[in-house]
Amino acid sequence: MTIRVIIVDDQAMVRAGFAALLSAQADIDVVGEAPDGRQGVQVSRSTHPDVVLMDVRMPEMDGLTAAREILDPPPGVVHRPKVLMLTTFDIDDYVYEALRAGASGFLLKDAPPADLIAAVRVVASGEALLAPSVTRRLIADFVQQRPAPRKDPALRLKGLTPRETEVLELIARGLSNQEIAGHLVLAEQTVKTHIGRVLAKLDLRDRAQAVIFAYEARLVRPGDSG
């Protein structure tokens, strides 16, 4: 199945470069571009992409605001693509807020071309792009610096079984499904089932939000390692 992508960035050269790179892949089709967040939302609504590559800082409407509009659309708008944030800085307040809003991850603009291609495929498949340690560091840093949420996430943990809590902790430590399966001596399909239940019980959209939740609930703490 072909992955439909739109590119939202205020730099024409960046859009052209990314479009050329992605369009050269047999399984990726660039179906639209936009120079700012406002037009990005419009293009997303009209083209129904699978993945939106969204720059963080843009005129008219920044990437964070645009990501929120795409991921939490008004009544009547059914399509919700995956959003992959593009940033020049690895530690960025905007990126953290975008992850909280439901973005599936982020990628540095100077990442190797192969990383961009792989990131689009990973996000399109429904996984969050959380493999790079910098993403977990970003989440850990901002959770540590911020006041606790008004609703205590730790209370919501009580709705999970011990096994589900264990799986959530391992997700937050950056383990893949295969690694979690090996760690807990479970079938990978069983791990997927546990993750689905965790997301449903905690009302989380994907692994990115699960990692943030785990830090905010103090299930894992900055500096912990897998």
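Here, residue 1 is the first one in the sequence, and each next residue gets the next number. Everything numeric here is computed off the predicted structure, so don't read it as measured data.
Closest approach of Met58 and Asp36 over heavy atoms only: SD-CA, 3.8 Å. Shortest non-hydrogen contact noted between Met85 and Asp55 is CE-O, 4.3 Å. Looking at every heavy atom in both residues, Glu60 comes nearest to Arg38 through O-NH2, 3.5 Å. Taking each heavy atom of Ser104 and Val123 in turn, the nearest pair found is CB-CG1, 3.7 Å. Nearest heavy-atom pair across Pro81 and Pro49 is CB-O, 3.2 Å. Across Arg4 and Thr47, no two heavy atoms sit closer than the pair NH2-O, 2.5 Å.
Looking only at side-chain heavy atoms (C-beta outward), Ile6 and Val31 come within less than 4.5 Å of each other. Between Gln11 and Lys109, some side-chain heavy-atom pair lies under the 4.5 Å cut-off. At least one side-chain heavy atom of Val8 sits less than 4.5 Å from a side-chain heavy atom of Val52. Side-chain contact between Leu53 and Leu116 is present, with heavy atoms from C-beta onward closer than 4.5 Å. Between Lys201 and Thr161, some side-chain heavy-atom pair lies under the 4.5 Å cut-off. Side-chain contact check for Gln25 versus Ile3: every heavy-atom pair is 4.5 Å or farther apart. Residues Leu160 and Leu157 are in side-chain contact: their nearest non-hydrogen atoms beyond the backbone lie under 4.5 Å apart. For the pair Val30/Phe18, no side-chain contact is recorded, criterion being any heavy-atom separation below 4.5 Å from C-beta on.
Residues Asp203 and Arg156 are not paired through a salt bridge, judged by the lack of any N-O separation under 4.0 Å between the basic side chain and the carboxylate.
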Chi angles and distances behind the side chain to side chain contact (heavy atoms under 4.5 Å, CB included) call for His194, Arg163
CA-CA 8 Å; His194 283 309; Arg163 177 63 86 192; 3.4 Å; yes
Could you walk me through whether Leu184 and Leu170 pass side chain to side chain contact (heavy atoms under 4.5 Å, CB included), step by step?
CA-CA 10 Å; Leu184 298 178; Leu170 294 174; 3.8 Å; yes
Given the rule in the side chain to side chain contact (heavy atoms under 4.5 Å, CB included) test, do Ile171 and Val211 qualify, once you have shown the distances and angles that lead to the verdict?
CA-CA 7 Å; Ile171 291 173; Val211 172; 4.1 Å; yes
Evaluate side chain to side chain contact (heavy atoms under 4.5 Å, CB included) for Leu108 paired with Thr87, printing each intermediate quantity in order.
CA-CA 5 Å; Leu108 296 178; Thr87 181; 3.9 Å; yes
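Rounded to the nearest 0.5 angstrom, Leu168 CG and Leu199 CG are separated by 8.5 Å. Put simply, CG on Leu22 and CD1 on Ile117 are 6.5 Å apart, with the number rounded to the nearest 0.5 Å. Distance check: Met61 CE to Gln39 CD gives 10.5 Å after rounding to the nearest 0.5 Å. Taking CG from Leu86 and CG from Asp9, the interatomic distance works out to 6.5 Å, rounded to the nearest 0.5 Å. To the nearest 0.5 Å, atom NZ of residue Lys192 and atom CD of residue Glu188 are 5.0 Å apart. With values rounded to the nearest 0.5 angstrom, Asp29 atom CG is found 10.0 Å from Asp50 atom CG.
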